[in-house]
Amino acid sequence: MTIWLRSFATAVALAAFGVTAALAQDAYPTKPVHIFVPFPPGGAVDIVARTLGDELGKRWGQSVVIENRPGAGGIIAEQALAQSPPDGYTLIVVATGHALNGYFYDKLPYDPFKDFTPISLIGSSPNMLLVRADSPFKSVGDVIAAARAKPGQLSYGHAGNGTSPHLAGELFKYMAKVDITAVPYKGGAPALTDLIGGHIPLTFNNIPESMGQIQAAAVRPLGVTTAARSPVLPNVPTIAEAALPGYDTGVWWGFLAPAGLPADVKARLAKDCAEVVQVPAVQAKLLQLGATPIGSSPEVFAKLIRDEHEKWGPIIKAAGIKIE
C-alpha cells in the first residue's frame, strides 16, 4: 500500500510539473520585452519596430520597450544583443546591413550568422532617389547627366555607411559610371533634414521615413530602386525604367534574438512575430509607409540573410567599399 501511495504521489507530482511547465511556456513573456533599434528615432527601422512592438505588447499583455541604439551601421546594437541572455526578452529589428557588415568592417565583434537566432522577416520596401521640391533635377536622367558633366561635384546623403540607401547609391554610381560623393548620416531622417535645408542636392532614402515629406511636398522622388514600382507611389518610375536597365535593390527588416534561444521560446516568438504582421491594422500601417508586409518563418529569414550576404559580396568588393 505504501509503495502504491508513493507511486501515485510521484505520478501526481510529475503531472503537476508538466502542467506548470506548459503554463510557464504559455505565459511567456512574464516581464517587459526589449527591442533594440540600431538607428535613431523617426527612421524606417524605428517606425517598423514601434508598429510591431505595439501589437506584440497587446498580444503578450506586457510592455514592449523600444531602445534606440544607433551607430556603426547597426553594430553597436547588434553587439549588445549578442551579449544579451538568450531568454526571449531582448530582440532586435535589423535591416539589410546585418547581412553585409562583414564586408564593410575588417573585424566584427560578433558572428552575424552564429551569434543570432533569426525569428521572422517582417517586410521589405524600395529605397528612392530624392531631391528637394524645387530642385532643378526633374528626372534620374538629369542627375546622371549633371554627374557626368561635373564628376565629383554632386553629393548624396544616406542613412549611414553600409546601410541599404548607401548601397543603393553605390550601385547607382557603379551602373551609371558616375562620380557622386556619398555623405553618411546617423540615420535617414537627418539626411532628409539636410536635403530639405539645401545642404545636399540628393539623397537615397527609404519610403517609410520619406513618405511624410513627400506628402508635404517638401521633397520629390525621382525613382524607386526596386525592379517594380511601389504600389503606394505608382506614378514614380523605377530607376531601371527611367535610366538604368537592370538596376534593382531594396531594404528588408526582420527580428533577431541572441544565439542559444530555447526551442520553445523561439517557436513562440516566430509564431507571434509572423502573425502580428498579418494583423489588418499592422498591414495597413506598413503599406501606408510603403512597405510590403511578409511575416516569415525563421528558416525563410535565415536563408534571406545568407542569400543577401552572397549576392552583395562581389559587388561590395569590386567597389572597394570599406568602413573605418
Side-chain angles (χ1 to χ4, degrees), residues 39-47 70 125-161 163-245 247-251 287-291:
F39 303 99
V45 181
D46 182 68
I47 294 170
S125 177
N127 286 299
M128 295 180 293
L129 175 58
L130 297 164
V131 295
R132 204 165 79 162
D134 60 355
S135 170
F137 301 130
K138 305 300 182 185
S139 68
V140 176
D142 289 346
V143 173
I144 294 175
R148 287 175 177 167
K150 295 182 179 180
Q153 295 300 302
L154 283 182
S155 63
Y156 76 92
H158 59 79
N161 290 332
T163 60
S164 66
H166 181 206
L167 290 179
E170 293 306 302
L171 182 62
F172 181 86
K173 290 164 55 178
Y174 180 79
M175 293 185 65
K177 296 180 174 57
V178 294
D179 180 11
I180 303 176
T181 302
V183 181
Y185 287 82
K186 291 184 177 181
L192 279 172
T193 298
D194 267 11
L195 177 69
I196 295 169
H199 302 293
I200 51 176
L202 310 165
T203 183
F204 277 89
N205 219 314
N206 53 59
I207 291 179
E209 61 190 346
S210 305
M211 185 59 76
Q213 300 296 348
I214 293 171
Q215 293 171 337
V219 300
R220 178 159 39 85
L222 298 183
V224 297
T225 62
T226 46
R229 293 192 181 197
S230 168
V232 297
L233 292 168
N235 295 326
V236 179
T238 68
I239 290 175
E241 67 181 286
L244 293 176
Y247 182 93
D248 181 19
T249 185
V251 59
L287 289 169
Q288 178 186 355
L289 294 170

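For the numbers below, each heavy atom of this structure counts, side chains included, while hydrogens, waters and symmetry mates do not.
- Residues Pro221 and Ile214 meet the side-chain proximity criterion, which asks for heavy atoms closer than 4.5 Å.
- Among pairs with a residue in residues 217-241, none fulfils ring pair (Phe, Tyr, Trp, His ring centres under 6.0 Å), at least two apart in sequence or across chains.
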Enumerate, atom names and distances included, each donor-acceptor pair closer than 3.5 Å involving a side-chain atom of residues 236-244, sequence neighbours excluded.
| residue | atom | partner | partner atom | Å |
| --- | --- | --- | --- | --- |
| Thr238 | OG1 | Glu241 | N | 2.9 |
| Thr238 | OG1 | Glu241 | OE2 | 3.3 |
| Glu241 | OE1 | Arg229 | NH2 | 2.9 |
| Glu241 | OE2 | Arg229 | NE | 3.0 |
| Glu241 | OE2 | Thr238 | N | 3.0 |

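- Screening residues 196-214 for salt bridge (charged side-chain N to carboxylate O under 4.0 Å, His left out) gives no qualifying pairs among residues at least two apart or on separate chains.
- Between Gln213 and Leu130, the closest side-chain pair of non-hydrogen atoms is not below 4.5 Å.
- Going from atom CE of Met128 over to atom OG1 of Thr226 covers 10.5 Å, rounded to the nearest 0.5 Å.
- Atom CE of residue Met175 and atom CD1 of residue Ile144 lie 9.5 Å apart, to the nearest 0.5 angstrom.
- Residues satisfying the side chain to side chain contact (heavy atoms under 4.5 Å, CB included) test with Pro41, not counting sequence neighbours, are Asp46, Asn68.
- Nearest approach of Ser139 to Leu222, heavy atoms of both residues: O-CD1, 3.7 Å.
- Residues that satisfy the side chain to side chain donor-acceptor pair (under 3.5 Å) test with Gln153, not counting sequence neighbours, are absent from this structure.
- Partners of Ser164 according to the side chain to side chain donor-acceptor pair (under 3.5 Å) rule, which considers only residues two or more places apart in sequence or in another chain, are Asn127.
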Atom pairs and distances, side-chain donor-acceptor, residues 179-200, under 3.5 Å, sequence neighbours left out:
| residue | atom | partner | partner atom | Å |
| --- | --- | --- | --- | --- |
| Tyr185 | OH | Asp194 | OD2 | 2.7 |
| Thr193 | OG1 | Ala189 | O | 3.1 |

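- Partners of Arg220 by side chain to side chain donor-acceptor pair (under 3.5 Å), not counting sequence neighbours: none found.
- Scanning both residues, Pro201 and Val131, for their nearest heavy atoms gives O-CG1, 3.7 Å.
- When side chains are defined from C-beta on, Val219 does not count as touching Asn205, because their heavy atoms never get closer than 4.5 Å.
- Of all heavy-atom pairs spanning Ala168 and Thr225, the tightest one is CB-CG2, 4.1 Å.
- Here Ser135 pairs with nothing under the side chain to side chain donor-acceptor pair (under 3.5 Å) rule; sequence neighbours left out.
- Residues in residues 204-225 take part in these ring pair (Phe, Tyr, Trp, His ring centres under 6.0 Å) pairs, two or more places apart or across chains: Tyr156-Phe204, Phe172-Phe204.
- The salt bridge (charged side-chain N to carboxylate O under 4.0 Å, His left out) test applied to Arg148 returns no partner, not counting sequence neighbours.
- Nearest heavy-atom pair across Val224 and Pro126 is CB-CB, 4.1 Å.
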